[in-house]
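See structure below.
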Amino acid sequence: MKLAFLASQTSKSQNSLKELVSLYGQHKPENADVIVVLGGDGFMLQCLHQYMHQSTPVFGLRRGTVGFLMNDYCVADLPERIGQAQDTVLHPLSMQAHKENGEVIDSLAINEVSLLRQTKQSAHIAIKINGQTKIENLVGDGVMVATPAGSTAYNLSAHGPVIPLGSEILALTPISPFRPRRWRGAIIPSHAEVSFDISSPVKRPVSATADNTEVRNVLKVVVKEARHINIHALYDAKHNLEDRIINEQFS
């Protein structure tokens, strides 16, 4: 098994990188059977974004402070462990952000696409699902669309639902909503197209963020699942990602 080890810049990850390379060798990511990521969730997301188009399976080892997307760190029998791991297929979200200057920026998100107010003024956002207006004017700090894999991240902190993997649904979650008073979000099919139109973009500017990619001063944002992209994340059978998402609801 040809392994490519990628490590964050922390001393903990770099020391583990030296240890693992000495045991199992090192290959370039484009030539590897599996990419092994050493770090935390942030670095894992960075690597998933960088290599998602080549469809190489990714196996994360926890060497950071947060490790929801990672496996426990152990150097022994790594190829055998990877060979027995469960393959979790993730589909990212596609974000198309239209800016005030006419520029259109496309980006992908594994966790969520979020819209946030840029100033002290609350955001005013109209929400459409498949072209039909569902909320004429959401007033608050913002709103997000989260994938099942990302439902335990920012979405959960905004009181959004935790979504099981394979459910083919997305979470549409407001961020500190003021109006409508009783709207706390929605569950929508993963094939649905969600569009957000920004009211008063000059007085009430809004930014759109796909994971770590931020686009400021947007007029309109369209979000849908990129079904043609398959991200293969490998997890130990005893502690797979699906079990973690379920357990997160009881912690």
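Predicted, not measured: the structure shown is a model, and the values here were computed from it. Positions are given from 1 along the sequence.
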Provide the closest heavy-atom pair for Asn217 versus Pro205 in the form atom of the first, atom of the second, distance.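 The answer is OD1-CB, 3.7 Å.
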Which heavy atom in Ala208 sits nearest to a heavy atom in Val218, and how many Å separate them? CB-CG1, 4.1 Å
For residues 64-75, tabulate all N or O donor-acceptor pairs below 3.5 Å that involve a side-chain atom, not counting sequence neighbours.
unit_1	atom_1	unit_2	atom_2	d
Asn71	OD1	Asp236	N	2.9
Asn71	ND2	Gly60	O	3.0
Asn71	ND2	Leu234	O	3.1
Asp72	OD1	Arg62	NH1	2.5
Tyr73	OH	Ser16	OG	3.4
Tyr73	OH	Glu19	OE1	3.1

I'd like to know if the side chain of [X] and the backbone of [Y] have a donor-acceptor N/O pair within less than 3.5 Å.
X	Y	result
Asp106	Gln96	no
Gln54	Pro29	yes
Thr10	Ser13	yes
Tyr51	Pro57	no
His91	Ile229	yes
Asp211	Asn111	yes
Lys99	Ile105	no
Gln84	Ala237	no
Arg244	Asn247	no
Ser151	Ile163	yes

Can you tell me how far the CZ atom of Phe43 sits from the CD atom of Gln50, to the nearest 0.5 Å? 8.0 Å
Distance check, rounded to the nearest 0.5 Å: Lys128 atom NZ versus Lys220 atom NZ?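 Reported to 0.5 Å precision, the distance equals 6.0 Å.
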Which residues pass the side chain to side chain donor-acceptor pair (under 3.5 Å) test with Arg204, not counting sequence neighbours? Gln121, Ser122
Can you list the residues that meet the side chain to side chain donor-acceptor pair (under 3.5 Å) rule with Asn155, with sequence neighbours excluded?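 Asn155 satisfies side chain to side chain donor-acceptor pair (under 3.5 Å) with Thr173 once adjacent residues are dropped.
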Do you know which of Leu170, Leu241, Ile169 makes side-chain contact (heavy atoms from CB on, under 4.5 Å) with Pro148?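 So, applying the side-chain contact (heavy atoms from CB on, under 4.5 Å) to Pro148 and each of Leu170, Leu241, Ile169, only Leu170 qualifies.
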Does the pair Phe196 and Val145 meet the rule for a side-chain contact (heavy atoms from CB on, under 4.5 Å), with working shown? CA-CA 11 Å; Phe196 304 99; Val145 180; 3.7 Å; yes
Return yes if a side-chain donor-acceptor contact under 3.5 Å exists between Gln46 and Asn212, otherwise no. no
